[in-house]
Amino acid sequence: SGNLFANHITASALQVNGNVFLNDGASELVLDNSTFSEMRYGTSCFFRANGSQTIIDSPFTKIKTLGIDTFNVTSSKVGIGTSTPSEKLEVVGKAIIRRTGTATAHSDTDLFVTDATAAGSTAAIQILGGNTGFSNLQFSDTDAYAQGGIIYSHSTDTMTIKAGASAAITITGSNQYVGIGTTTPTYPLSVEGDVDINAGELRIDQSNNIRFSGAQTLNASVSTGIVTIASHGSLTNTHINSNVTASGNISASGTLQGN
């Protein structure tokens, strides 16, 4: 028992055929070399250390805990929880990226990003793309890669939200226009299709118009309370195919005709 010191010892100076046991609880095997110290197995596996770094070099490196593979390196790929990583880093099990503090992931969470130092702390995920490329967050299933997603085009500064493998909402960066059902919105809100307002209101502030087909307008004046239906351009007549009930006067600048 005790320490075994090997300082600049050549292979011919000390050779052991068999095992070497250090039985004392505080025993050490000290390899002391001014350049580096090394333990080698054959010609392809060695453990080397100096004052600034430690190197483990072998075709396959494995670290076990209680007989279970914990950390594996093979073919320049790192596996945590797996001995056969398929990419540069593969983790089998949940992963937590925590800047500071402590936090517990939900039972359904697979990747947890947190900064839980204080109530005002911020956790962030950054996706960096080229200034003429894209930054993507894709939602896949077992049948398709891009069933849903958030796609940002850096060349046009346009964000697209996908659903059912198609663009559902588009936000243009140049003017902050929003398109629903269209990828080229021409107004602050452009909707391609019907709009259903149920148990709510379509509210237009101030004396602005509701325009139909770019020609006929419906205007309600906030100051006077007068509702005006007007025709513009090629539309010369306004048709109301139902009863009109008024508690006040009805005035017309042209002919008022009833069928």
Side-chain angles (χ1 to χ4, degrees), residues 77-78 80-82 85-206 208-220:
K77 298 175 181 178
V78 177
I80 300 177
T82 176
S86 58
E87 299 294 341
K88 289 295 184 181
L89 175 62
E90 182 175 347
V91 179
V92 175
K94 295 184 178 182
I96 297 178
I97 301 174
R98 182 176 60 237
R99 186 194 303 178
T100 54
T102 59
T104 302
H106 189 272
S107 58
D108 291 336
T109 300
D110 295 316
L111 176 61
F112 186 38
V113 179
T114 174
D115 178 14
T117 302
S121 61
T122 301
I125 297 176
Q126 180 178 348
I127 302 175
L128 176 64
N131 59 5
T132 60
F134 295 86
S135 294
N136 297 343
L137 181 62
Q138 299 287 357
F139 303 104
S140 309
D141 58 29
T142 54
D143 295 324
Y145 163 67
Q147 283 297 98
I150 301 173
I151 302 171
Y152 192 88
S153 170
H154 294 282
S155 60
T156 61
D157 286 327
T158 299
M159 178 175 289
T160 302
I161 300 175
K162 295 177 62 177
S166 300
I169 300 174
T170 299
I171 304 172
T172 59
S174 58
N175 47 26
Q176 302 297 305
Y177 284 0
V178 176
I180 300 176
T182 175
T183 58
T184 56
T186 54
Y187 292 94
L189 176 61
S190 296
V191 179
E192 188 73 23
D194 297 334
V195 177
D196 182 16
I197 301 175
N198 188 8
E201 295 180 344
L202 175 61
R203 179 173 296 185
I204 300 176
D205 293 333
Q206 305 304 320
N208 295 315
N209 299 328
I210 298 177
R211 178 167 294 186
F212 304 93
S213 301
Q216 197 164 23
T217 61
L218 174 65
N219 176 273

Give the minimum heavy-atom separation between [X] and [Y], together with the two atoms involved.
X	Y	answer
T114	A103	OG1-CB, 3.6 Å
P85	V78	CB-O, 3.6 Å
E87	K77	O-CB, 3.2 Å

Name each donor-acceptor pair under 3.5 Å that joins a side chain in residues 150-170 to protein atoms two or more places apart or in another chain, with its distance.
{"unit_1": "Y152", "atom_1": "OH", "unit_2": "D157", "atom_2": "OD1", "d": "3.1"}
{"unit_1": "S153", "atom_1": "OG", "unit_2": "S155", "atom_2": "OG", "d": "3.2"}
{"unit_1": "S153", "atom_1": "OG", "unit_2": "T156", "atom_2": "OG1", "d": "3.0"}
{"unit_1": "H154", "atom_1": "NE2", "unit_2": "S135", "atom_2": "OG", "d": "2.7"}
{"unit_1": "T156", "atom_1": "OG1", "unit_2": "T158", "atom_2": "OG1", "d": "3.1"}
{"unit_1": "T158", "atom_1": "OG1", "unit_2": "T156", "atom_2": "O", "d": "3.3"}

Legend entry - Nearest-0.5 Å distance, CD1 of residue I171 to OH of residue Y177: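 I171 CD1 to Y177 OH: 14.5 Å, rounded to 0.5 Å.
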Cut-off 3.5 Å, no hydrogens considered: what does the side-chain donor-acceptor table look like for residues 188-196, sequence neighbours left out?
{"unit_1": "S190", "atom_1": "OG", "unit_2": "T186", "atom_2": "N", "d": "3.1"}
{"unit_1": "S190", "atom_1": "OG", "unit_2": "Y187", "atom_2": "N", "d": "3.1"}

Legend entry - Check: D141 side chain, D143 main-chain N or O, donor-acceptor pair, under 3.5 Å: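 A pair under 3.5 Å: yes.
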Legend entry - Residue pairs fulfilling salt bridge (Lys or Arg N to Asp or Glu O under 4.0 Å) with at least one residue in residues 89-98, sequence neighbours excluded: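 Qualifying pairs: none.
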Inset, instruction - Only pairs at least two apart or in different chains count here, so list each salt bridge (Lys or Arg N to Asp or Glu O under 4.0 Å) that has a residue in residues 114-136. - result: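 Counting only pairs at least two positions apart or across chains, the salt bridge (Lys or Arg N to Asp or Glu O under 4.0 Å) contacts touching residues 114-136 are R99-D115.
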Inset, instruction - Can you establish whether the number of heavy atoms outside L89 located under 6.0 Å from its atom CG is more than 12? - result: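 It does: L89 CG has more than 12 such atoms within range.
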Inset, instruction - Please identify each residue that fulfils side chain to side chain donor-acceptor pair (under 3.5 Å) with N131, with sequence neighbours left out. - result: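 Scan of N131 (side chain to side chain donor-acceptor pair (under 3.5 Å), adjacent residues dropped) gives none.
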Legend entry - For Q176, side chain to side chain donor-acceptor pair (under 3.5 Å) partners two or more places apart: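 Here no residue qualifies.
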Legend entry - Sole candidate of V178, I180, N175, T172 that passes side-chain contact (heavy atoms from CB on, under 4.5 Å) when paired with P185: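 Exactly one option meets the side-chain contact (heavy atoms from CB on, under 4.5 Å) with P185, and it is T172.
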